[in-house]
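Report on the structure given below.
In listed order, ligands and their atoms are each counted from 1.
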Amino acid sequence: MTVRVESVDPVKKKTEALCFFVSEKSEEPFGLPNLDKMLQLGIRQACKETKGKIGSISVVHTHQIIPAQRIIIVGIGPRHKITHEQVRLAAGKIAKKTSEMGLSEICLVIPDRFPLKTKVAANSAIEGVHLASYSFDKYKPDKKQKTPSLTLLATGREKVSDIISRAQTVSDGVIYARSIANLPPNECNPEQLASFAKSLAAKSNLKCTILSKSELKQKGFGGISAVGQGSKNEPKLIILEYSGKKGEKPILIVGKAVTFDTGGISLKPADKMDEMKFDKCGGCTVLGIMKAVAGLNLPVNLVGIIPSVENMPGGESYRPGDIIRLYGGKTAEILNTDAEGRLILFDALSYGIKTYSPKEVIDFATLTGACIVALGTNVAGLVSNNKKIAERIIRASERTGEQVWQLPINDDYMEMIKSDYAEIKNVGPGRVAGTITAAAFLANAVGNTPWAHFDIAGTAWIQTGSKDKSYNPKGATGFGVRLILDYLSNP
Ligand code: BES
Ligand code: MN
Ligand code: ZN
């Protein structure tokens, strides 16, 4: 997507679509210039029609009174509640509308007197338009959307140009994560995922290592080996390394990539099983983060680890009742083969901590249906053993609009996954605190390393029947990429 900033007078701008934000109960959009009476009236009317409600849109034709062909008014909600997210949602709406109209040019006015800093508003507007312009059409004969060009008419004195490339690189990371996460399970198995990681590394400034089935077995990755043994698509461990700062401990980011989760011998019901192609979303988020961090040359060291398996039932599958040895030696009793994510994450976390002694660890996983029950589809579960990290994450979450809610963890929960026959078991008692007992399993792998766990079961893709945001089209959302990029940039 091409993005430009200009400081020309909107009245003089020749464009297909001159766009303005309007807040609730206002008859005048932000940055309305002096215009001919008739046009002025038309714009006031359009503002009334939208009522300033977030995302509602009205189009005014200019009849060649000014060089712009039409004016688009988009509601941005109550004036005192205008945040990054409102700009992102409204900008996403403009992108959707102009694309439906077959336009390829958006010219958005961000005046000096807008309630947010010009830089902040510009960043969110670019994200909104860029992210809304993606759709997964790889298997459609007629590709409908072409990415629009965006011109920001920013009259303020703040220098906006340097945030343009940043916003674009971050959005590209999100779209990259989505485009892999959306692939069907016959097109993206662990081996394919590994080859995507390899070509990403070859194009970016990243080092990529892949561990194969036999290497995993031989090195003691008992969790990944057990979950992967039921599928003819062999498991892989994908490792990506980025160094942007000499002599500092890295941050470890781990992501669950089950390319398809049938549940295994503890088979899932058929209804919506297709959505379990999205069980690789945590891993895809890691790929998106690595791409964007390398693209921005951030001064950090980052290790991304993606355990990838296909969880299938069959004659060679692991079973309920099996006792396995996880990476590092801890024994785990399997009581449900559908609780597979924690097993592969345990191995990846233990290996990452042992190999890289990271200063902190973050993981992303579509881990539990219980998380959707608790928080719904707009908020991810957050579990952490470190107050500072959790607080920084919550601040990054507020800026990026990727919402999280922290759940507790303590020794009571650790007790709930102690096993009668092994050290730990892969499910807690009954259905209580399902998201936390899953996290407690991971806590056994991270020990005292500062750690934050994201359960993205509800937020990783737009679930059938749930309402999508203007900038999150159908399919995978790439949740977490923008949040972590913000987190890493604001230590
Ligand atoms: N990938 C699923 C969790 C999931 C389910 C995410 C639906 C998004 C939508 C995970 O592997 C799983 O099956 N978890 C089980 C755990 C249970 C057996 C303790 C679950 O949540 O039912
Ligand atoms: Mn499962
Ligand atoms: Zn799963």
With Val254, the side-chain contact (heavy atoms from CB on, under 4.5 Å) member among Val303, Val286, Leu349: Leu349
Name, closest N/O/S atom of Asp279 to the Zn ion (ligand 3): OD2
Would you kindly specify which portion of Lys256 sits under 4.0 Å from ligand 1, judged on non-hydrogen atoms: side chain, backbone, both or neither? side chain
Shortest protein contact, atom 1 (N) of ligand 1 (heavy atom only): Asp279 OD1, 2.8 Å
Have a look at ligand 1 and work out which part of Ile372, if any, has a heavy atom under 4.0 Å from it: side chain, backbone, both or neither. side chain
At less than 4.0 angstrom from any non-hydrogen atom of Asn336, what atoms of ligand 1 do you find? 18 (C)
When only distance counts, is Glu340 in polar contact with ligand 1, meaning an N/O pair under 3.5 Å? yes
Which word best sums up how the rings of Phe221 and Tyr351 line up, parallel for under 30°, tilted for 30 to 60°, or perpendicular for over 60°? tilted
Taking backbone and side chain together, does Glu340 place any N/O/S atom at a distance below 2.8 Å from the Zn ion (ligand 3)? yes
For Asp261, what is the atom name of its N, O or S atom nearest to the Mn ion (ligand 2)? OD2
Do me a favour and list the nearest non-hydrogen protein atom to atom 10 (C) of ligand 1 with residue, atom name and distance? Leu367 O, 3.3 Å
Against heavy atoms of Asp261, which atoms of ligand 1 measure under 4.0 Å? 1 (N), 2 (C), 10 (C), 11 (O), 13 (O)
Assess whether side chain to side chain donor-acceptor pair (under 3.5 Å) is satisfied between Trp451 and Asp363, documenting all intermediate values. CA-CA 8 Å; Trp451 163 65; Asp363 77 80; 2.9 Å; yes
Please report the C-alpha distance between Lys291 and Asp172 in whole Å, then the side-chain angles of each, then the deciding distance to 0.1 Å, and finally whether the salt bridge (charged side-chain N to carboxylate O under 4.0 Å, His left out) criterion is met. CA-CA 8 Å; Lys291 177 174 160 74; Asp172 280 336; over 6 Å; no
Between Thr366 and ligand 1, does any nitrogen or oxygen pair lie at a separation below 3.5 Å? yes
Decide, yes or no, whether a salt bridge links Lys256 with Glu340 under the criterion of side-chain N to carboxylate O below 4.0 Å. yes
Identify, by name, the N, O or S atom of Glu340 lying closest to the Mn ion (ligand 2). OE1
Has the side chain of Ser56 got a donor or acceptor atom that lies under 3.5 Å from a matching backbone atom of Gly52? no
Give the contacting part of Lys268 toward ligand 1: side chain, backbone, both or neither, where contact means a heavy-atom distance below 4.0 Å. side chain
Which atom of Asp261 is nearest the Zn ion (ligand 3), counting N, O or S only? It is OD2
As a quick check of understanding, evaluate side chain to side chain donor-acceptor pair (under 3.5 Å) for Ser124 and Glu127, giving each step before the final call. CA-CA 5 Å; Ser124 298; Glu127 285 182 353; 5.1 Å; no
Tell me the nearest of Thr262, Ile456, Val227, Asp338 to atom 15 (C) of ligand 1, using heavy-atom distances. Asp338
Where is the tightest heavy-atom contact between Met416 and Pro429, given as atom of each residue plus distance? O-CD, 3.3 Å
For Arg395 and Glu398, what are the C-alpha separation, side-chain angles and deciding distance, and is it a salt bridge (charged side-chain N to carboxylate O under 4.0 Å, His left out)? CA-CA 5 Å; Arg395 262 177 272 132; Glu398 283 160 0; over 6 Å; no
Tell me whether Lys256 has at least one N, O or S atom under 2.8 Å from the Zn ion (ligand 3). yes
What residue and heavy atom of the protein are closest to atom 16 (C) of ligand 1, and at what distance? Arg342 NH2, 3.8 Å
If we count only N and O atoms by modelled type, under 3.5 Å, do the side chains of Ser266 and Asn336 hold a donor and an acceptor together? yes
Atom 7 (C) of ligand 1: of Lys280, Met273, Met276, the nearest heavy atom sits on Met276
Would you verify that at least one protein heavy atom lies under 4.0 Å from atom 22 (O) of ligand 1, or report that none does? no
Closest to atom 4 (C) of ligand 1 by heavy-atom distance, out of Gly458, Gly369, Gly430, is Gly369
Counting only heavy atoms closer than 4.0 Å, does ligand 1 sit against the backbone of Trp461, its side chain, both, or neither? side chain
Check ligand 1 against Val427 and write out every atom of the ligand that is under 4.0 Å from a heavy-atom position of the residue. 19 (C)
Quick note on ligand 1: atoms under 4.0 Å from a heavy atom of Ala457 include exactly 6 (C), 8 (C)
Of the options Glu215, Gln192, Glu191, which is the one that meets Lys236 in a side-chain contact (heavy atoms from CB on, under 4.5 Å)? Glu191
Main-chain N/O of Gly228 paired with Lys213 side-chain donor or acceptor, under 3.5 Å: no
Please check if the side chain of Thr477 supplies one atom and the backbone of Thr459 the other of a donor-acceptor pair under 3.5 Å. yes
So Asp279 and Thr366, side chain to side chain donor-acceptor pair (under 3.5 Å) or not? Walk me through it. CA-CA 6 Å; Asp279 213 18; Thr366 48; 2.4 Å; yes
